[in-house]
Amino acid sequence: MQSARKIETILQDTSLEAPLRQIAQKVFGGQRITEEEGLLLFEQGELAYVGALANFIREKQHGNRTFFNRNFHIEPTNICLYTCTFCSYSRLIKKREEGWEYSMDEIMDIVRKYDGQPVTEVHIVGGVLPQYDLEFYSELFRRIKAHRPELHIKALTPVEYHYIFKKARISYEEGMRLMKEAGLDSMPGGGAEIFHPEIRDQIAGGKCTGEQWLRIHEIWHELGGRSNATMLYGHIEEFRHRIHHLELLRRLQDKTGGFQTFIPLKFRNKDNQMSHIPESTVVEDLRNYAISRIYLDNFAHIKAYWPMIGRQAAQLSLAFGVDDIDGTIDDTTRIYSMAGSEEQNPALSTQELAGLIRRVGREPVERDTLYNVIRDYTDYVFEEEEAYQGYVSLPVVSKN
Ligand code: V47
Ligand code: SF4
């Protein structure tokens with residue numbers, strides 16, 4: 001771990017603008033940076049500089065430990081009545097025959113496919129359609145819990161909750177309470193996009209507002225629940241919109257402490273209404289991870305979602321503030337492959353994931369959804385049979 005030495009070098013670097021040196025001093029001293037300073041980092045912070053700061057924080061918090069979990073995703077439908085311009089799903093409402101709409105039994109068949117496998121979490125999220133309502137999801141959560149009580153249900157976002165509670169004519173408070181009773185364990189971070197209405201109205205008009213997204217998370221945290229947060233960046237937003245987004249998350253986290261992880265999501269431009277917008281560079285992606293790590297001083301974890309950015313960028317991100325690279329995702333996570341993500345078939349075995357982490361000098365640690373450690377893989381020697389426990393759908397040959 002060399003981050004402390006790097007920070008000392010930065011503090012002594014007289015060629016660095018005074019405000020940037022001041023920010024480094026703050027970070028080194030464990031102080032919070034202001035919105036203005038955050039904006040300055042986005043506008044002027046070079047990759048090596050923000051990376052050194054972010055890595056300092058990351059190593060202070062977690063050392064070399066890098067978390068992942070064993071999970072699977074279910075997308076009940078890829079058809080959606082909203083028309084978010086960045087989303088490849090929204091166009092399917094007009095061509096419904098090209099999409100899928102799983103029934104309760106079909107979803108339970110997917111859950112049963114994982115019987116006997118050591119997955120700890122099911123992540124459920126998809127499009128919004130009227131038949132997927134309060135009754136449907138309550139019943140689904142109950143059936144999953146009846147079938148496999150220890151499986152952690154991380155499901156739906158305020159986009160769905162806002163829609164189904166409104167349809168059921170109940171308050172957010174009542175709705176979240178019912179979801180908890182039905183078996184919901186935590187909420188994923190989706191649907192946040194960019195909170196600022198100047199951008200949100202253009203890219204995600206019609207679905208829940210930024211305020212509503214934050215309010216539903218707040219209520220869930222008050223009920224004792226945990227959740228994640230995301231930010232969809234690299235499209236039409238400006239740096240000030242990113243800082244506004246991060247600031248609202250930091251404020252809510254100060255209030256509730258209920259967020260676990262922040263996941264920056266890089267906008268991918270295939271097959272959506274914003275295909276003309278070029279995607280952000282890897283340098284910008286890494287800067288964005290780093291600045292998020294620096295700004296969100298009250299978030300324990302920053303996650304890189306590897307199916308979206310690819311394995312190599314995920315490995316790089318581990319030197320820029322990221323300490324979590326999501327899970328051994330098997331399945332059918334199609335929202336990203338449709339939008340042009342690096343990974344057309346996002347599945348990685350535990351062995352592959354641990355290998356990716358080790359090859360960049362970090363220590364792989366399997367966690368459950370709530371970051372309880374399941375197993376430390378730092379010095380673990382994989383046995384053939386264990387490595388192949390049903391996760392591998394790609395050849396084990398490394399792509400790196
Ligand atoms: O809200 C949709 C994004 C999100 C595109 O909490 C796109 O552990 C990029 O939130 N380019 C859903 N992004 C996914 C999500 C998530 C993923 C992994 C882990 C967790 C977690 C949460 O996907 C949506 C939207 O922001 N998205 N289309 C696109 N073209
Ligand atoms: Fe629907 Fe979500 Fe896609 Fe928006 S991002 S169109 S709410 S599936």
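Just so you know, residue 1 is the first one in the sequence shown, and it goes up from there. All ligand and atom numbering here is 1-based and tracks the order in the structure. Computed from heavy atoms alone, side chains included, the values below leave out hydrogens, waters and symmetry copies.
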* Asked: Would you say the side chain of Glu160 lies within less than 4.5 Å of the side chain of Tyr163, judging by non-hydrogen atoms?
  -> no

* Asked: Side chains of Phe136 and Ile107: does their closest heavy-atom pair fall under 4.5 Å?
  ->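 Yes, at least one pair of side-chain atoms sits under 4.5 Å.
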
* Does any N, O or S atom in Cys80 come within less than 2.8 Å of atom 1 (Fe) of ligand 2? ->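 Of the N, O and S atoms in Cys80, at least one lies under 2.8 Å from atom 1 (Fe) of ligand 2, which means yes.
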
* Asked: So between Glu121, His73, Glu193, whose heavy atom ends up nearest atom 24 (C) of ligand 1?
  ->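 Selected option, by shortest heavy-atom distance: Glu193.
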
* Asked: Is Glu37 salt-bridged to Lys26, going by a charged N under 4.0 Å from an acidic O?
  ->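 Counted as a salt bridge, because a side-chain N and a carboxylate O are separated by less than 4.0 Å.
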
Does [Y] have [X] sitting over its ring (NZ/CZ under 6.0 Å from centre, angle to axis within 45°)?
X      : Y      : answer
Arg250 : Phe299 : no
Arg367 : Tyr371 : yes
Arg293 : Phe320 : no

* N/O of Ala192 under 3.5 Å from N/O of ligand 1, yes or no? ->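 The answer is no, given that Ala192 and ligand 1 share no N or O pair closer than 3.5 Å.
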
* **atom 3 (Fe) of ligand 2 reached by Cys87 (N, O or S, under 2.8 Å)** =>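 So Cys87 does bind atom 3 (Fe) of ligand 2 by this criterion.
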
* Have a look at Glu173 and tell me which of Ile216, Leu178, Ile219 forms a side-chain contact (heavy atoms from CB on, under 4.5 Å) with it. =>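 The passing option is Ile219.
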
Sub-4.0 Å atoms of ligand 1 with respect to non-hydrogen atoms of [X]:
X      : value
Lys154 : 8 (O), 21 (C)
Ile263 : 6 (O), 8 (O), 20 (C), 21 (C)
Lys266 : 9 (C), 11 (N)
Pro188 : 6 (O)
Asp326 : 19 (C)
Asn228 : 6 (O), 8 (O), 21 (C)

* Asked: So which bit of Asn272 gets within less than 4.0 Å of ligand 1, heavy atoms only: side chain, backbone, both or neither?
  -> side chain

* Backbone, side chain, both or neither: what part of Phe86 comes under 4.0 angstrom of ligand 1, heavy atoms only? ->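 Answer for Phe86: both.
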
Check contact between [X] and ligand 1, using heavy atoms of the residue and a distance below 4.0 angstrom.
X      : value
His123 : yes
Met187 : no
Lys270 : no

* To do: Start with the C-alpha gap between Val119 and Asn71, add the side-chain angles, then the distance that decides, and say whether side chain to side chain contact (heavy atoms under 4.5 Å, CB included) holds.
  => CA-CA 5 Å; Val119 284; Asn71 63 4; 5.9 Å; no

* Pick out which of His152, Lys154, Arg226 makes a side-chain hydrogen bond (donor to acceptor under 3.5 Å, both in side chains) with Ser186. => His152

* Applying the 4.5 Å side-chain criterion to the ILVMFWY set and letting contacts propagate, would Phe68 and Tyr289 be lumped into a single cluster? ->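 The answer is yes; both residues are in one hydrophobic cluster.
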
